[in-house]
Amino acid sequence: MDLVRSVTDYLPGMLRAGVLAFQITLLAILLSWVLGLATALMKTSGNALLAAPAGFYVWFIRGTPSLIQIFIIYFGLPQIGIRMSPFVAGVVALGLCSGAYVAEVVRAGLMAIPKGQWESARAIGMAPALLMRRIILPQVVRIIVPPLTNEAINTLKNTSLLSAITVMELTLYTQMAIAATFRPFDFYIMAALLYLVMTTLLSRFATWFERRFQIH
Amino acid sequence: MQEIYLTSERQGQIADPVMAFLELTDVSKAFGDRTVLRNVSLAVEKGEVVSVIGASGSGKSTLLRCINLLEVPQSGRLRFLDRTIDYAEVTRGRMRQASYAVLRQRIGMVFQSFNLWPHMTVRGNVTEGPVQVLGLDRTEADARAEAILAKVGLSEKIDAWPGTLSGGQQQRVAIARALAMRPALMLFDEVTSALDPEMVGEVLDLMKQLADEGMTMLVVTHEMGFARHVSDRIAFVHEGRIAEIGPAEQMMAAPRNPETRRFLDRVLHHT
């Protein structure tokens, strides 16, 4: 009986916290795609001035814990005058973190496109930007959907780290519910189930996308 | 008096060389410390079909690729239509992107491995250049694609995906894609080498048809029958140089250069 009461009492709050985590995830994914694409293009540009900062970014992010990156953004940056709300700091931190991995995925995708694809587009008179947009990226996108899905799911799960910077997402909310009810088993299982629903939604969408745009 | 006057006028015309349609002068290209082309010069007239033959690694494909700047030689000059390009300038000062594009729009290229864009249908492949590069509107580009696909005998495949076509069909689509740009020159880079033997004929027939219609063509090929019967001249490339160039019949029947003779002996007796 207690279980039923506490879950029903806190369920709306948990759902709201889950939705917040999902929103942060979607925004962070968008940011990571922009960053990842730009970084991959810079790294493969053959121009050292562009490749160096891109390489540093990937090296730094991959070599440091996500929690430290989040702390640098939320607690560290205010010291040099850059202040963000927990929500914005969370999106920026997760987006930056994921962007480095997306960059590597995109770079692998670019390298998987046969040289002949670039050459036939150049031979027809396409300028680099047009060639990238019309010929290369549409093929890269199809290749990288599975690894990008993994990365999106990682980002979603990483939103739980934002509990450390007071973002009232699912993990922090769950902890508060447990503090009030002393029912860790019920609530952590509940939280896990909600995370599962969200990650399943993401991978379902990816599967649909892959089917929709597969190459015949 | 009249006679002499006419003669001198004719002489004047001969002395004043007719501008070649395409002219490569002193082209040299190295990849790292491996020299691939050594001071190659070649002039092609409008409407002429020139086959380029030679052993693999002799530099004949590189020569072709220098013409539309898929490779940039370290030195030499290219003249095509009204345009002269100094390759050293391209290497050094970086030619403007727009100039690359303008040159390439007028030169069609067909590759050994077809290189169709797999995420687009046949229609998409053939209209992509006209729409995106030339700025044609969709209906116009569609009409052009339909006409060209009819010409290459693939009207019924217009909405097919490249991956569902045979090699010969893919290569004919690749030719259609190049023709849709209305090029003034077509480059063929060993376009039948990746085909199953039974599909070589349909591609060569199409190329012969183009030649008959007066298309200017530069054809790197191992098809000696095509070189002999369709091209006007044959150039034999050996170790980065054009070792011999001459009328197709004479090159095949009576080559002067011992290297040409050796090469032809090899390829003709093994096929």
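All of these numbers come straight from a predicted model, not from anything done at the bench. So you know, we letter chains A, B, ... as the sequences are listed, proteins then strands, and number each from 1.
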message = Can you confirm whether more than 12 heavy atoms, excluding those of A:Arg133, are under 6.0 Å from its CZ atom?
response = yes
key: Neighbour count >12 (heavy atoms, 6.0 Å) for atom CZ, A:Phe213   = yes
query = Considering only heavy atoms, which portion of B:Arg65 lies under 4.5 Å from any heavy atom of chain A: side chain, backbone, both, or neither?
reply = side chain
query = Between the side chain of B:His119 and the main-chain N/O of A:Ile136, is any donor-acceptor distance below 3.5 Å?
reply = no
Within 6.0 angstrom of A:Gln79 CD, more than 12 heavy atoms from elsewhere = no
request  = Output the option from A:Ala127, A:Pro114, A:Pro138, A:Gly116 having the highest count of non-hydrogen pairs under 4.5 Å with chain B.
outcome  = A:Gly116
remark   = Under 4.5 Å to a heavy atom of chain A? For B:Leu134 that would be neither
key: Options B:Gly163, B:Ser113, B:Pro118, ranked by heavy-atom pairs under 4.5 Å with chain A, top entry   = B:Pro118
request  = Measure across B:Val133 and A:Ile124 and return the closest heavy-atom pair with its distance rounded to 0.1 Å.
outcome  = CG1-O, 3.9 Å
message = I'd like to know whether B:Met109 forms a side-chain contact (heavy atoms from CB on, under 4.5 Å) with A:Ser120, so could you lay out the CA-CA distance, the side-chain angles of the two residues, the decisive distance to 0.1 Å, and finally the verdict.
response = CA-CA 8 Å; B:Met109 185 163 195; A:Ser120 57; over 6 Å; no
ask   = Would the number of heavy atoms belonging to other residues, nucleotides or ligands and lying under 6.0 Å from CZ of B:Arg123 be above 12?
value = yes
message = Is it true that, when you exclude A:Met176 itself, more than 12 heavy atoms of the residues, nucleotides or ligands shown sit nearer than 6.0 Å to its CE?
response = no
For A:Arg134 against B:Met120, the heavy-atom pair lying closest together = O-CE, 3.6 Å
ask   = For the candidates B:Gln132, B:Gln105, B:Arg106, B:Arg177, which exhibits the highest count of non-hydrogen atom pairs separated by less than 4.5 Å from chain A?
value = B:Gln132
key: Distance-minimising heavy-atom pair for B:Ala101 and A:Gly125   = CB-O, 3.4 Å
remark   = Bottom line for A:Leu130: the part with an atom under 4.5 Å from chain B's heavy atoms is side chain
Minimal non-hydrogen separation, A:Gln117 against B:Leu116, with atom names = NE2-O, 2.8 Å
query = Between B:Glu128 (side chain) and A:Ala121 (backbone), is there a donor-acceptor pair under 3.5 Å?
reply = no
ask   = How many angstroms lie between CZ in A:Arg122 and CG in B:Asn115, if you round to the nearest 0.5 Å?
value = 11.5 Å
inquiry  = Can you tell me if B:Trp117 has over 12 outside heavy atoms packed within less than 6.0 Å of its CH2?
reply    = yes
